Engineer: 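Here it is, the structure in full.
Everything numeric here is computed off the predicted structure, so don't read it as measured data. Along the sequence shown, residues carry numbers from 1.
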Amino acid sequence: MFIVKRISDYRRQIIFSIIVAFLFVLPLLFAKGAIYGDDTHFHLDRVRGLSTIFKSPINFDIFYHAGQGINIFYPWLVVYPFYLLYELFGSFARAWYCYVFILTFLSSIICILVGNKIGKNNVSGYVFSVIYLFCSYHYENAFVRFALGEFVAMSFLPLVLLGYYEIAFGNYKKWYVLTIGMTLLIYTHILSVYLCTWLMIFITLLSIIFWNQKGKRIASGIKATLFTLAIGAFQYVPMLEQFQYVSLSQPVKPNLADKTYLLNDIIVKSLKNVYFTNLGNVYATTSLPGLIILLVLILLICMFGFLPRISKVLTLLSVVLLFFNDDFNAME
């Protein structure tokens, strides 16, 4: 009976994830073969450059025959299936639609497993999957910015969350989950690795007083880190080697203060679900929590005293990160 129930659960998760992936990719099906996004040209050229990746990371057929070492500095291993789909279909549009569908399906499965594990029930995972996958920033990466690396990385961030949860609060012997998640990030988007690392350090400082068996959990964290560094060396070692001889030229230095808001603006714009905002003479995405996330956060704060330990930690972290987006913390 138990085995039958597990099979039924897996079948339900697969069907649910197929539906979620189809709904996510549905806007693309009305694009009539077009691919939109700020970084479209850059990333499509980068994908085309993977045609010679096993011979040389430098491809002179792309980027106006400049011979740039793009794929030395930009992780390409997890993006390579996108190139294979392009070769299969002979169309970037069809390859992108299929790639987005596959990633969203896998991400939904991961979200369900993570949500059920941390929430300790069979409903949390489905709720987490919908809220996470249909959040504005996920859509922005796919359809507004065509931020290929960040979009793919978001597919694996819940796996990093589960890995850290196991080490800090769950079964610390499952430290390999964090290794898998962080390794996938290394081969997808280096900046996400950097941000996740600092975020996990911050969470550790915030929550370590709640840990039991601190020594074993810290040891598992160190083990996960060492294995991640070893497995991910294929990506970051050549990049670090190149930094010894190549100086970076930054064509644009964005002012991060342009993306910050006063706290009352964050709340008002989120309640109104404002997605675009006027920054001088240009329109830009707000990258704010939005109505649903804000309402969930308010509900969690109101129920704070009744939440389990891990939920209290995550709620506090969410509030702190919300304040990081406040204009008070503006940086250049």
Side-chain angles (χ1 to χ4, degrees), residues 20 107-108 110-141 154 157-170 181 192 195-212 214 217 256-257 259-277 285-331:
V20 166
S107 185
S108 177
I110 294 172
C111 285
I112 293 172
L113 296 177
V114 173
N116 289 348
K117 176 68 176 182
I118 297 179
K120 293 180 171 37
N121 62 70
N122 293 326
V123 177
S124 299
Y126 294 100
V127 175
F128 176 47
S129 175
V130 172
I131 292 178
Y132 180 75
L133 293 177
F134 290 96
C135 73
S136 60
Y137 193 66
H138 194 222
Y139 256 105
E140 179 181 336
N141 284 333
M154 284 192 71
L157 286 179
L159 200 58
V160 174
L161 172 63
L162 178 59
Y164 181 82
Y165 168 80
E166 292 288 14
I167 290 176
F169 302 101
S192 293
L195 293 174
C196 282
T197 300
W198 280 107
L199 189 58
M200 285 188 288
I201 292 174
F202 180 76
I203 299 175
T204 299
L205 296 176
L206 185 69
S207 65
I208 195 170
I209 59 174
F210 300 110
W211 292 11
N212 55 29
K214 291 183 177 63
R217 296 188 182 278
L256 297 183
K259 279 286 188 176
T260 59
Y261 304 87
L262 296 174
L263 183 60
N264 61 313
D265 286 334
I266 294 176
I267 295 175
V268 171
K269 288 181 182 294
S270 292
L271 289 174
K272 293 181 178 180
N273 246 357
V274 175
Y275 185 66
F276 288 97
T277 186
T285 53
T286 58
S287 299
L288 291 175
L291 177 62
I292 295 178
I293 299 297
L294 184 64
L295 293 179
V296 170
L297 185 58
I298 292 174
L299 179 63
L300 290 173
I301 293 174
C302 294
M303 300 176 57
F304 189 82
F306 304 96
L307 297 176
R309 182 177 57 185
I310 181 61
S311 297
K312 289 181 179 178
V313 173
L314 293 176
T315 301
L316 288 174
L317 178 64
S318 299
V319 172
V320 171
L321 292 177
L322 182 64
F323 276 98
F324 277 179
N325 202 41
D326 184 79
D327 191 57
F328 177 78
N329 296 283
M331 301 180 297

Engineer: Considering all heavy atoms of both residues, which atom of N141 and which atom of M154 are nearest to each other, and what is their separation?
Structural biologist: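 Heavy-atom minimum between the residues: ND2-SD, 3.4 Å.
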Engineer: Apply the test side-chain contact (heavy atoms from CB on, under 4.5 Å) to residues L162 and I110: give CA-CA distance (whole Å), side-chain angles for both, the deciding distance (0.1 Å), then the verdict.
Structural biologist: CA-CA 9 Å; L162 178 59; I110 294 172; over 6 Å; no
Engineer: Under a 3.5 Å distance rule, please check whether S129 uses its side chain to pair with a backbone N or O of G125 as donor and acceptor.
Structural biologist: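 Not a single qualifying donor-acceptor pair exists.
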Engineer: Rounded to the nearest 0.5 Å, what separates atom OG in S107 from atom CG in L133?
Structural biologist: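 Result: 4.5 Å between the selected atoms.
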Engineer: Do V320 and F202 have side-chain heavy atoms sitting under 4.5 Å apart?
Structural biologist: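 V320 reaches F202 side chain to side chain.
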Engineer: Can you list every pair that meets salt bridge (charged side-chain N to carboxylate O under 4.0 Å, His left out) and has a residue in residues 196-210, with sequence neighbours left out?
Structural biologist: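 Output for this query is empty, none listed.
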Engineer: Side chains of I118 and F169, heavy atoms from C-beta outward: is any pair under 4.5 Å?
Structural biologist: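 The answer is no; the side chains never approach within 4.5 Å.
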Engineer: Can you tell me how the ring of Y132 sits relative to the ring of H138, calling it parallel under 30°, perpendicular over 60° and tilted otherwise?
Structural biologist: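 Y132 vs H138 ring planes: parallel.
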Engineer: Between atom NZ of K117 and atom CG of L161, what is the distance when rounded to the nearest 0.5 Å?
Structural biologist: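 One finds 12.5 Å between NZ of K117 and CG of L161.
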Engineer: So how far is it from L317 CG to I203 CD1, rounded to the nearest 0.5 Å?
Structural biologist: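 Answer rounded to 0.5 Å: 4.5 Å.
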Engineer: Consider side-chain contact (heavy atoms from CB on, under 4.5 Å). Of L297, L299, I298, which one does I301 pass it with?
Structural biologist: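 When L297, L299, I298 are each tested with I301, the side-chain contact (heavy atoms from CB on, under 4.5 Å) holds only for L297.
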Engineer: Could you pull out all residues at least two apart from S124 that satisfy side-chain contact (heavy atoms from CB on, under 4.5 Å)?
Structural biologist: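 S124 satisfies side-chain contact (heavy atoms from CB on, under 4.5 Å) with N121 once adjacent residues are dropped.
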Engineer: What is the distance from atom NZ of K312 to atom OG of S207, rounded to the nearest 0.5 Å?
Structural biologist: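 One gets 14.0 Å once the value is rounded to the nearest 0.5 Å.
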Engineer: Please answer whether the main-chain N or O of G115 pairs with a side-chain N or O of Y126 as donor and acceptor at a distance below 3.5 Å.
Structural biologist: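 Answer holds: no.
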Engineer: Give the intermediate values and the outcome of side-chain contact (heavy atoms from CB on, under 4.5 Å) for residues I167 and Y164.
Structural biologist: CA-CA 5 Å; I167 290 176; Y164 181 82; 5.5 Å; no
Engineer: Dump the intermediate steps for side-chain contact (heavy atoms from CB on, under 4.5 Å) on N116 and F128, then the final yes or no.
Structural biologist: CA-CA 9 Å; N116 289 348; F128 176 47; over 6 Å; no
Engineer: Nearest 0.5 Å, what's the OG-CG distance between S192 and L199?
Structural biologist: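 That separation rounds to 11.5 Å.
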Engineer: Looking at every non-hydrogen atom in both residues, tell me the closest pair between I208 and K214 and how far apart they are.
Structural biologist: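 Nearest heavy atoms, I208 then K214: O-CE, 3.0 Å.
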Engineer: Give the intermediate values and the outcome of side-chain contact (heavy atoms from CB on, under 4.5 Å) for residues V160 and M200.
Structural biologist: CA-CA 10 Å; V160 174; M200 285 188 288; 4.2 Å; yes
